[in-house]
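Excluded from the calculations below are hydrogen atoms, water molecules and symmetry mates; all remaining heavy atoms, backbone and side chain alike, are included. Source: prediction; values computed, not measured. Ligands are counted one by one from 1 in listed order, and the atoms in each one are counted from 1 as well.
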Amino acid sequence: MTSTAIKEKYVMRENEGELERLANHHEIISHYIGGLVLAPVDLSQPNLRILDSGTADGLWLRELKSSTAIENPHTYIGTDINESFFPFPPPRNLFFHVQSITRPWPDNWHGTFDYVHQRLTLPGAGPVPIATCVSNLARLVKPGGWVELMEADFTGSSSNGPAAKLFEKLMAKFLDTIGVGFTYARTLPSLLENAGLENVQHKSFVIEYGAACPDEALGAKGISHLLSTSVGMLAFLKGLPGKDVDGEISRLPETLDEELKSRGACFTMIAAWGQQREDGNGKYS
Ligand SMILES: C[S@@+](CC[C@H](N)C(=O)[O-])C[C@H]1O[C@@H](n2cnc3c(N)ncnc32)[C@H](O)[C@@H]1O
């Protein structure tokens with residue numbers, strides 16, 4: 001496919017294209033991490049309060065709800081700056097609240113959650129320090145409750161082909177330009193520790209896309225996800241003042257498409273989770 005055809009196919013058509021991109025990635029990530037939850041949260045306990053920050057259409061929450069025993073309902077709350085993605089009316093026990101990770105959370109939410117999950121949302125902090133955003137999330141959990149974060153890491157040495165390497169380089173530039181910084185995912189464990197959490201653990205996952213993925217159907221979803229992301233990234237780069245996006249960069253969707261179909265690519269995700277201290281949530285000013 002030419003870059004123009006790919007752009008036409010993958011340019012975000014209102015919510016539809018973005019939700020398909022997120023659903024593909026959700027399926028891929030869930031496959032590689034082996035489920036939905038990494039923190040040792042005991043979901044068999046009754047009446048947990050579970051928050052998914054940057055929830056988009058709440059797919060992670062909805063799948064978590066489906067995977068938990070029906071006689072043991074929890075309260076599932078999704079937050080995002082964009083409310084148009086979330087299903088309306090929401091399914092039973094699911095709630096949505098407009099909330100930016102950069103803004104103070106409702107006072108009466110502090111210390112009320114058993115589990116706070118946030119995936120691929122920290123870049124939305126923009127110039128606001130991500131340490132502030134993570135501390136604010138940590139305030140939401142009860143003593144003994146967990147915060148879990150997952151983000152994409154573009155800092156490692158890459159054995160990908162030239163197109164995927166260019167994609168990584170542009171992603172790093174994007175993260176630097178928006179203010180989050182391209183090394184941000186590496187800092188997840190220390191962000192949780194500095195937010196006062198304990199028992200912090202982290203794990204890296206190598207996610208295989210396109211021909212690198214042994215599951216052909218999942219590999220194809222990975223191609224779709226990355227092409228859609230690359231089209232969005234080129235649109236962002238074009239919008240930067242004085243930035244000419246031409247030559248090799250403007251052909252990225254086309255070269256990436258070919259490379260993903262022939263050899264695939266691997267990218268790393270880092271997850272980290274930490275637990276609120278038993279004496280926690282009184283120590284923050
Ligand atoms: C890449 S999507 C990830 C969605 C979902 N967490 C997942 O993993 O599939 C990023 C989400 O973060 C939301 N977002 C961006 N900036 C945000 C902010 N400052 N506060 C809250 N949500 C934000 C976007 O609207 C979008 O739904």
Counting from 1 in the order shown, the ligand 1 atoms closer than 4.0 Å to a non-hydrogen atom of Ala56 are 4 (C), 27 (O)
Numbered atoms and elements of ligand 1 in range of Ser100, under 4.0 angstrom, heavy atoms: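 So the answer, numbered in order with elements, is 18 (C), 19 (N), 20 (N), 21 (C).
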Option of least heavy-atom distance to [atom] (set: [options]):
atom	options	result
atom 26 (C) of ligand 1	Asp80, Thr79, Thr55	Asp80
atom 17 (C) of ligand 1	Thr229, Asp57, Ile29, Ile81	Ile81
atom 19 (N) of ligand 1	Ser84, Gly124, Ala23, Ser53	Gly124

When you compare ligand 1 with [X], is there at least one nitrogen or oxygen pair between them that comes in under 3.5 angstrom?
X	answer
Leu120	no
Arg119	yes
Ile101	yes

Counting only heavy atoms from other residues, nucleotides and ligands, does the tally under 6.0 Å from CD of Glu83 exceed 12?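 Incorrect, the count does not exceed 12.
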Is there a donor-acceptor contact under 3.5 Å linking the side chains of Tyr76 and Thr55?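 Their side chains do not contain a donor-acceptor pair, so the 3.5 Å distance test is not met.
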Does the pair Glu18/Arg21 count as a salt bridge with the N-to-O cut at 4.0 Å?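 Yes.
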Note the single closest protein heavy atom to atom 6 (N) of ligand 1, along with its residue, its atom name and the distance in Å. Gly54 O, 2.7 Å
Please name all residues satisfying ring-ring contact (aromatic ring centres under 6.0 Å, His included) with Phe95, sequence neighbours left out, ordered by chain then number. none
Just heavy atoms, cut-off under 4.0 Å: does Gln99 contact ligand 1 by side chain, backbone, both, or neither? backbone
